Undergrad: 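The structure follows.
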Amino acid sequence: MTAAAEIVGRALDDDIRVLTRHRPGAEITTVSVWILAGSRDETSPGTAHLFEHLVMQAVPPGRKMRVIDEIESYGGEGNATTARDYVVLYARVPTVDALAVLDLLAEAATATEFDPVLVEAERRVVIEELRLAEADPTDIVHDVFFAAVYGDHPMGRPVGGSPADALRLTAAEVTAWSRRHVRAGRVAVVVTGGVTPAAVTAATARSALAGLSVTHQSARADRPALPIPLPAMAPGVRSRRLDHPLPGDTAAVVLGGPAFSLADPRLAAAEVVMELFAGGNTSVLVEQLRTDLGLSYDIWGDLSGYHDTGVWRIAITTAVEHRDEVARLAVDLARSAVADGWSDARVAVARRRAAGLVRLDAETSLDETLLLGRHALLGGSVDWSVAEYADRIAAASPQQVHDAAVSMADQLVVATAGG
C-alpha cells in the first residue's frame with residue numbers, strides 16, 4: 001500500500017495509457033478498461049449508461065459466452081460503471097486469469113455493433129433501474145442536487161438519463177457514441193494486483209485496443225464550459241434550494257455545493273473539511289442532527305472530484321415532517337462551523353481520520369483501481385498513489401482547511417426529495 005502506482009508509459013503508439021499498481025504475490029487482480037467520456041458527453045441522455053449495460057451482456061465476435069458470464073467462469077466478478085466523466089469496465093479475478101480477462105474487457109469496450117434484441121432487453125432493464133431510483137427519495141435526491149448545482153449543463157443531468165430518455169434510445173445512437181468516444185487518447189487500462197507492469201503492457205498491445213490507432217483519431221472533443229461559479233445569490237438569500245416532492249414517509253436532504261476538481265491542490269484539505277462537517281461521530285452535523293436532536297439516523301458525506309470541477313455533499317435521511325427543519329439546520333450548522341472555525345487540535349484529529357479513511361477506501365484491489373483511475377486519468381496526477389494522497393491530507397494545515405471550508409460554504413445548495 002505504500003508503493004506509488006507505476007505509470008507504464010504508452011502501451012501503444014496511439015496514446016493508450018496503461019497504469020499498474022503491482023502487488024507482488026497478490027492472488028487477486030483487478031483489471032479495468034476506462035473510456036474517458038461519460039454522461040456529460042452525450043447527444044442523447046442515457047447513451048453511455050446503455051452502452052455500459054450492453055457491452056457487459058453481449059457476446060463478443062468469436063466468443064461463446066457473454067462478457068459477464070466469461071468473467072464469472074474464471075471464478076471472478078465483473079461490473080461496469082457510468083459516471084459523468086467516464087465509463088469503466090472492470091473485473092476482479094484470480095491473478096492467473098487477469099491477462100485473459102484484460103483481453104476480454106478490451107473486446108467489450110471496443111464494441112461498435114449491437115444486437116437490436118439485446119438493446120431492447122437491456123433498455124427495459126435500464127428503465128426499471130431508473131424507475132426504482134425515481135421512487136426512492138434517498139436516491140433521486142442526488143439527481144436533484146446535481147440539477148441545482150449545474151442547472152441545464154450536461155453535468156446537471158442524471159447519469160442514466162430518465163426512463164423517457166431510455167425509451168427513446170436506439171442501437172444506432174449507442175453505436176455513434178461508441179465510435180466517437182472509444183478511441184485513442186480516451187481509452188486507458190488500469191490494473192491493480194499480482195500482474196507485472198511489463199505483462200500488462202504487452203497484453204494491452206495484443207488486445208483489441210491496438211486497433212484503435214487504425215480507425216480512430218486521438219483528438220479530444222471539446223466539452224461545454226461549466227457554469228462555475230454559480231450565479232450570485234440574491235441579497236438576503238442564504239442558500240439555493242430545489243425540492244422534489246414524492247409520496248411516502250421518508251425524506252432526503254442533501255446539503256452541499258461546488259468544490260474542487262481532481263487536479264486542484266485544495267482537494268486534500270477539502271477531505272478534512274468533509275470529516276469535520278459529517279464524518280465521524282463528533283462531526284458537527286452528526287453530533288447535532290443525530291446525537292443531540294435525533295432527527296436522522298443516516299448521515300454521510302461525499303467529496304466528488306471531476307476532470308474540471310467538483311462538488312461536495314452531505315446526505316441526510318429524515319421523516320417527511322422534519323424535512324424543512326433539517327434543511328434549515330444543516331445550512332445553519334455548516335455556516336456557523338465555518339464562521340467559528342475549528343481548533344488546531346480538532347483539525348489534527350480530522351486530518352488523521354480523513355487520511356486513514358482514504359487508506360481504508362483503497363483496501364481492496366478494486367477500490368484502489370477505481371481511485372487510481374480517477375485521480376491519474378481524470379485528474380492528471382501521474383504520480384498519484386493512495387499513500388501520497390493520504391500524506392497530503394495528513395499534512396493539510398489548519399489554515400488550508402479553513403480556506404477550503406470558506407470556499408465550500410460560499411455557495412450552499414440544498415436539495416430535497418420526499419414530502
Side-chain angles (χ1 to χ4, degrees), residues 34-58 79-89 109 111-116 118-183 186 220-228 230 242-246 254 258 304 306-311 313 374 378 413 415 417:
W34 294 67
I35 301 163
L36 302 183
S39 64
R40 66 184 292 184
D41 304 293
E42 298 169 325
T43 302
S44 300
T47 308
H49 184 221
L50 182 56
F51 168 84
E52 165 225 308
H53 273 251
L54 291 172
V55 298
M56 295 300 284
Q57 291 293 330
N79 210 331
T81 298
T82 302
R84 287 169 169 82
D85 266 351
Y86 62 86
V87 173
V88 57
L89 317 180
T112 57
E113 300 295 333
F114 303 97
D115 180 359
L118 177 61
V119 171
E120 178 58 29
E122 285 305 306
R123 187 169 51 193
R124 290 196 300 268
V125 172
V126 167
I127 290 171
E128 181 65 11
E129 177 186 353
L130 298 175
R131 184 191 67 79
L132 291 174
E134 285 191 343
D136 182 356
T138 65
D139 194 330
I140 197 66
V141 70
H142 298 284
D143 289 341
V144 179
F145 171 76
F146 275 89
V149 173
Y150 292 109
D152 293 332
H153 187 276
M155 284 288 292
R157 295 193 306 235
V159 168
S162 68
D165 293 328
L167 190 61
R168 291 189 291 265
L169 288 174
T170 65
E173 286 174 308
V174 182
T175 292
W177 187 92
S178 172
R179 288 179 173 171
R180 181 182 180 192
H181 296 295
V182 183
R183 64 193 192 198
R186 277 199 168 185
R220 189 176 180 86
D222 291 335
R223 285 172 164 171
L226 287 161
I228 299 298
L230 295 174
L242 186 60
D243 298 312
H244 181 74
L246 272 179
V254 171
S304 300
Y306 299 94
H307 170 67
D308 52 357
T309 183
V311 295
R313 51 189 156 148
R374 288 176 57 243
L378 298 169
V413 172

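What you see below is based on every heavy atom in this structure, not just the backbone, and it leaves out hydrogens, waters and symmetry mates. A quick note: this is a predicted structure, and the numbers were derived from the prediction, not measured. Start at 1 with the first residue, then count along the sequence.
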Undergrad: Are the side chain of D85 and the backbone N or O of H307 linked by a donor-acceptor pair below 3.5 Å?
TA: yes
Undergrad: Can a salt bridge be assigned to the pair R131 and E128 using a cut-off of 4.0 Å between side-chain N and carboxylate O?
TA: yes
Undergrad: Check whether any side-chain N or O of H181 sits under 3.5 Å from a backbone N or O of D41 as a donor-acceptor pair, and report yes or no.
TA: yes
Undergrad: Quick one: NE2 on H49 to OG1 on T81, what's the gap to the nearest 0.5 Å?
TA: 9.0 Å
Undergrad: If you round to the nearest 0.5 Å, how far is CG of D143 from CG of L242?
TA: 11.0 Å
Undergrad: Which residues satisfy the salt bridge (charged side-chain N to carboxylate O under 4.0 Å, His left out) test with E129, sequence neighbours excluded?
TA: none
Undergrad: Specify the closest pair of heavy atoms between L54 and V119, including all atoms of both residues, with the distance to one decimal.
TA: CD2-CA, 3.7 Å
Undergrad: Between atom OH of Y86 and atom CZ of R374, what is the distance when rounded to the nearest 0.5 Å?
TA: 5.5 Å
Undergrad: State, to 0.1 Å, how close V144 and H244 come at their nearest heavy-atom pair, and which atoms those are.
TA: CG2-CB, 3.5 Å
Undergrad: What pair of heavy atoms forms the shortest contact from R84 to S39, and how long is it?
TA: CA-OG, 3.4 Å
Undergrad: Just verifying a value: how many Å separate R313 CZ and H142 NE2, rounded to the nearest 0.5 Å?
TA: 6.0 Å
Undergrad: Nearest heavy-atom pair of A48 and V87: which atoms, and what distance?
TA: CB-CG2, 4.1 Å
Undergrad: Could you tell me which residues satisfy side-chain hydrogen bond (donor to acceptor under 3.5 Å, both in side chains) with D165, sequence neighbours excluded, listed by chain and number?
TA: S162, R168
Undergrad: For E42, which residues count as a salt bridge (charged side-chain N to carboxylate O under 4.0 Å, His left out) partner, sequence neighbours excluded?
TA: R157
Undergrad: Which distance, rounded to the nearest 0.5 Å, do you find between the CG of D115 and the CD of E120?
TA: 11.0 Å
Undergrad: What I'd like to find out is whether the side chain of L89 reaches to under 4.5 Å of the side chain of M56, using heavy atoms alone.
TA: yes
Undergrad: For W177 and F51, take the angle between the two ring planes, folded into 0 to 90°, and tell me which bin it lands in: parallel under 30, tilted 30 to 60, perpendicular over 60.
TA: tilted
Undergrad: Nearest 0.5 Å, what's the NE2-OG1 distance between H53 and T82?
TA: 7.0 Å
Undergrad: Check whether any side-chain heavy atom of M155 sits under 4.5 Å from a side-chain heavy atom of Y306, and report yes or no.
TA: yes
Undergrad: Considering all heavy atoms of both residues, which atom of I127 and which atom of P163 are nearest to each other, and what is their separation?
TA: CG1-O, 4.0 Å
Undergrad: How close do T47 and S44 get, heavy atom to heavy atom, and via which atoms?
TA: OG1-O, 2.5 Å
Undergrad: Looking at Y150, I'd like to know if the NZ or CZ of R40 sits under 6.0 Å from its six-membered ring centre while staying within 45 degrees of the ring's axis.
TA: no
Undergrad: Donor-acceptor check, side chain of T175 to backbone of T112, threshold 3.5 angstrom: yes or no?
TA: yes
